[in-house]
Enquirer: 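Would you mind keeping the following structure in view while I ask a few things?
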2 protein chains.
Amino acid sequence: MTDRLPPLTALRAFDAAARHMSFAKAAAELNITPAALSFQIKSLEEHLGQPVFRRLNRAVELTEAGRTLAPGAADGFATLTTAWRNTRRLQDNTTLTVTAGPAFTAKWLAPRLYDFAQDHPEIELRLSASLRIMDFTRDEIDVAIRFGYGPDDGLFSQRLADEWMTPVMTPELAKQVKTPLDLAEITLLHDDSIRFLKPSCDWAAWFKAVDVNVDSSHGPRFSQADHAIDAALTGTGAVLARISLSHKELYDGRLVAPFATALTTKAHFRFICPKGAETRPQIKAFLVWIMKEAEKTRSFEEGRNFIASEDIQG
Amino acid sequence: MTDRLPPLTALRAFDAAARHMSFAKAAAELNITPAALSFQIKSLEEHLGQPVFRRLNRAVELTEAGRTLAPGAADGFATLTTAWRNTRRLQDNTTLTVTAGPAFTAKWLAPRLYDFAQDHPEIELRLSASLRIMDFTRDEIDVAIRFGYGPDDGLFSQRLADEWMTPVMTPELAKQVKTPLDLAEITLLHDDSIRFLKPSCDWAAWFKAVDVNVDSSHGPRFSQADHAIDAALTGTGAVLARISLSHKELYDGRLVAPFATALTTKAHFRFICPKGAETRPQIKAFLVWIMKEAEKTRSFEEGRNFIASEDIQG
DNA sequence: CATTTCACATAAGTATAACTTAACTCATGC
DNA sequence: GCATGAGTTAAGTTATACTTATGTGAAATG
C-alpha cells in the first residue's frame, strides 16, 4: 500500500488517454504506438490495484477511480508543462512581456512604445493590460508595473515614481479657471480608480488643501483613470489627475495644470520582476529605459506646492 | 526548441533537489544513489539548454532558471501526489470522511454519530466541519452535506430535507408565551447564518406571516446557527430555528415549538458526492442511513401551518 | 449474414533510460 | 596534511519503455 507515485510515464499516458477518451489518440499525442500506451495504462492499473478504464467494444470509459484521478492528473501535468515552458522562455531574449493596469498601459506605456522600439529594435515588447495580479510562475509575464504601496517580498522591486495629483484640464477650459473657487463653476470629473488609497485623494481632499469650500460630490465618475483623463481631453471638465498618467498630455500641451497645489500620496509605481530576472538583457534594458522615462516626469514637479494627503484629514 | 516536457524522472529529481536544496537528501528521498540523481539533473539541464543549479563547494543554489522552474514543479508534483493518494483511498472501505457546515455538524451529525456507529461498526466516520466549499479532487473528502439551493452539476446530489423555520424555546419560557404577540416581551435571538437566503427568513418575516406587528430588530445576533440554538437552550430567549438543526432538541423535549405557523424556504440540505461514488459501500451505507434519519424529522411537520417565505414580502 | 473495420489487448523481442558500484575532484575543517 | 562531505564521472547492469506483429470482439457495412 504505497502512496508514492506510480511510474510517471504511466501517469502521463493515463492523463492523455483521459483527456482524449481514446487510447489511440493519446498514443498519437505522445508519439508512441497504441500498444505501448495500452501497457502503460495496464501498468498504472496494477500499481493502483484497480482499473481506471472500462474497456468497451469501440470506446473506453473512466471507472470511478479514473474519474477521481483524471482531473488531478490533468491539473498536475498542466502545471508542470506551464512551468517548463516558462523556464524555457528565459532563453528567449527577443521578447519581453509586461503587464500593467489599463490606465498605465494606455496613458504611459502605449504613448512611449515607439521610443522603446527605437532604442531597442531587437526586443519585441508585448503589453498585457490587466488589473489582475499576475503570477510570474503561471502566466507568461516577465515584468509587472504595479501601483500601490508594496512591499513585494521575494521579488525584485524598483520604485519608479511617486504619485501626486493636481487638477488638469484643456487650455481652453483653463481660461475660465483663475482661482480654485472657479472650479465650482465647471464640471468636475472623478477618478474612482484610486479610491483604495488610504488617505483619500479626491476632489474633496484637494479643496481642503487649498482651503476653499466647494461641493465636489457632483460630476461623472470613472472607474478607470484613463477614461477620466480622456473625458478631460474633450474639454468636458477638470479632473484631479495622477501626474504619471497625465504627464504626456501636459507635456504635449493638450492639458494644463494651472494650480501649484498638488496632493502627494504614499502610493507609487513600481517595476516588479522575479528576483534575479533583472539581469536578463531585455529586462535590464526595459528597466533602464523606464527609469529614464520616469525621471523625465519630474520636470513638472518644479514650482509645485506639495501637500501630503495624509496631513489633510487631521 | 521543443516545449514538450523533459523526462519526467528528471523533473521529479529536480523537484526533490530544489525542495531539499541538496542532491544527497533528494536522492535519499527518491531511494536512489546521489550519482543517479546527479545524472538526472544533468539530463534536465541538457534538455533545458542551461543549468538549473549552480554547484558550489559544499552546497548547491538555484539559478534563475531553477528558481523559475521550482515552484511550478513542486506544485505540479504535489497535485499529482494528492490525486494519486485520493484515488488509492477509494479502495479503503473502512473510513468515510464527511464535510458539513459547523451548525449541521454540531446539531445534526454529532448527536447521531453513535447511531451510525451502532449500525455500521465497520466504518470509521470522520467529520470535517467547514463552511468552505470542499473540492473532492483535492481534499480528502468523500461526502459533503450542503445547505442552499443547488444544483450541483457533475456531482451526485440527493435532497435530504426541505428546511422550514418556527420559533423554539425552552418549555419553561414557553409558559410565558401564549400568543405570537407575547414574543415581544421576551428576548429574540437572531440566527444570521441564513441571511444569504433570498426571501429572508428572519423574525420580521415570521411576524408578518402571523400578521402581528412586533419590532424584531433587537436581541443578540449569532453568526452561526448552532450558537443561536445553544443560547435558546439556556432559556435566554426564543430563536426562529431551522427545523433540521433543532429537531433533536425538540424530540428530547429540551426545546418546544409552540406555534403552528412555520416558514418554508426553497433551500434544503443535500447529500453530495462525486458521481458514481454513491455506490461505494460505505458511502451507500451512509446515504441510506442519513436518508432514514432525515425522514424521521418529518414527524414535526404534522399540524404545521406552512407559509412560504417568498409569499410574504409581496 | 458474412465481411470489414475499428479500437484495444497480448506476445515476443529490442532499445534505451534509469540506476548502481566504484573511483575521482575539490574545497573545507580539524 | 589527511580525513570529510558533497557532487561528478566512468563503466557496467537492470528494468522500463517501446516496437512490430498478431489476436479479439463487437459494431458497421453492403
Side-chain angles (χ1 to χ4, degrees), chain A residues 2 4-63 65-67 69-70 73 77 80 84, chain B residues 2 4-63 65-67 69-70 73 77 80 84:
Chain A
T2 166
R4 300 197 59 197
L5 282 176
L8 293 169
T9 48
L11 245 190
R12 181 176 44 184
F14 167 76
D15 171 46
R19 278 186 287 105
H20 289 115
M21 283 311 279
S22 155
F23 287 14
K25 286 180 190 161
E29 177 187 307
L30 299 173
N31 289 318
I32 59 175
T33 57
L37 194 125
S38 179
F39 276 110
Q40 301 282 19
I41 302 287
K42 197 178 166 190
S43 153
L44 187 80
E45 292 176 328
E46 271 162 21
H47 277 267
L48 182 60
Q50 61 179 316
V52 289
F53 279 109
R54 192 167 301 119
R55 278 76 165 173
L56 306 178
N57 308 327
R58 299 178 84 89
V60 287
E61 65 177 40
L62 287 166
T63 62
R67 264 175 314 194
L69 184 56
F77 282 111
L80 292 178
W84 182 250
Chain B
T2 166
R4 300 197 59 196
L5 282 176
L8 292 169
T9 48
L11 246 191
R12 181 177 43 182
F14 168 75
D15 172 45
R19 278 186 288 104
H20 290 115
M21 285 310 280
S22 153
F23 286 15
K25 286 181 190 162
E29 176 187 308
L30 298 173
N31 289 319
I32 59 175
T33 55
L37 195 124
S38 178
F39 274 112
Q40 299 283 18
I41 302 288
K42 197 178 166 191
S43 153
L44 187 81
E45 293 176 327
E46 270 163 21
H47 277 268
L48 182 60
Q50 59 179 316
V52 288
F53 279 107
R54 191 165 303 120
R55 277 76 164 174
L56 306 178
N57 307 329
R58 300 179 84 90
V60 288
E61 65 176 42
L62 289 165
T63 61
R67 263 175 315 197
L69 184 56
F77 282 111
L80 292 178
W84 181 250

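Below, chain A is the first sequence line, B the second, and so on; all start at residue 1. Treat the numbers as computed from the prediction; the structure is a model and nothing was measured.
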Enquirer: Which heavy atom in B:R54 sits nearest to a heavy atom in B:L62, and how many Å separate them?
Expert: NH1-O, 4.4 Å

Enquirer: For the CG atom of A:L30 and the CG atom of B:L5, what is their distance to the nearest 0.5 Å?
Expert: 10.5 Å

Enquirer: Given atom CG of B:L56 and atom P of D:dG7, what is their separation to the nearest angstrom?
Expert: 10 Å

Enquirer: Could you state the atom-to-atom distance from CZ of A:R55 to P of D:dA27 in whole Å?
Expert: 18 Å

Enquirer: Using a cut-off of 4.0 Å on non-hydrogen atoms, how would the nucleic acid contact of B:R58 be classed: base, sugar-phosphate, or nothing?
Expert: base

Enquirer: Less than 4.0 angstrom between a side-chain N/O of A:T33 and OP1 or OP2 of D:dT19, yes or no?
Expert: yes

Enquirer: Quick check for you: name the first and last nucleotides of DNA chain C, 5' to 3', having an atom under 4.0 Å from a heavy atom of chain B.
Expert: C:dA18 to C:dT28

Enquirer: Between B:F53 (CZ) and D:dT8 (C1'), how many Å, whole number?
Expert: 15 Å

Enquirer: Distance from A:L11 atom CG to B:L8 atom CG, nearest 0.5 Å?
Expert: 9.0 Å

Enquirer: Mind calculating the distance between CZ (A:R12) and P (D:dC18) to the nearest angstrom?
Expert: 7 Å

Enquirer: When you look at B:R55 and B:I41, which way does the side-chain contact (heavy atoms from CB on, under 4.5 Å) test go after all the steps?
Expert: CA-CA 12 Å; B:R55 277 76 164 174; B:I41 302 288; 3.7 Å; yes

Enquirer: Within the 4.5 Å heavy-atom criterion, are A:N31 and B:R4 side-chain neighbours or not?
Expert: yes

Enquirer: Each nucleotide N or O in nucleotides 10-17 of chain D that has a protein N or O under 3.5 Å away: list the pair and distance.
Expert:
from   : atom 1 : to   : atom 2 : distance (Å)
D:dA17 : OP1    : A:T9 : OG1    : 2.5

Enquirer: Below 30° counts as parallel, above 60° as perpendicular, anything between as tilted: where do the rings of A:F53 and A:F23 land?
Expert: perpendicular

Enquirer: Which distance, rounded to the nearest 0.5 Å, do you find between the CG of B:D15 and the CD of B:E29?
Expert: 7.5 Å

Enquirer: Quick one: CD on B:E46 to CZ on B:F39, what's the gap to the nearest 0.5 Å?
Expert: 10.0 Å

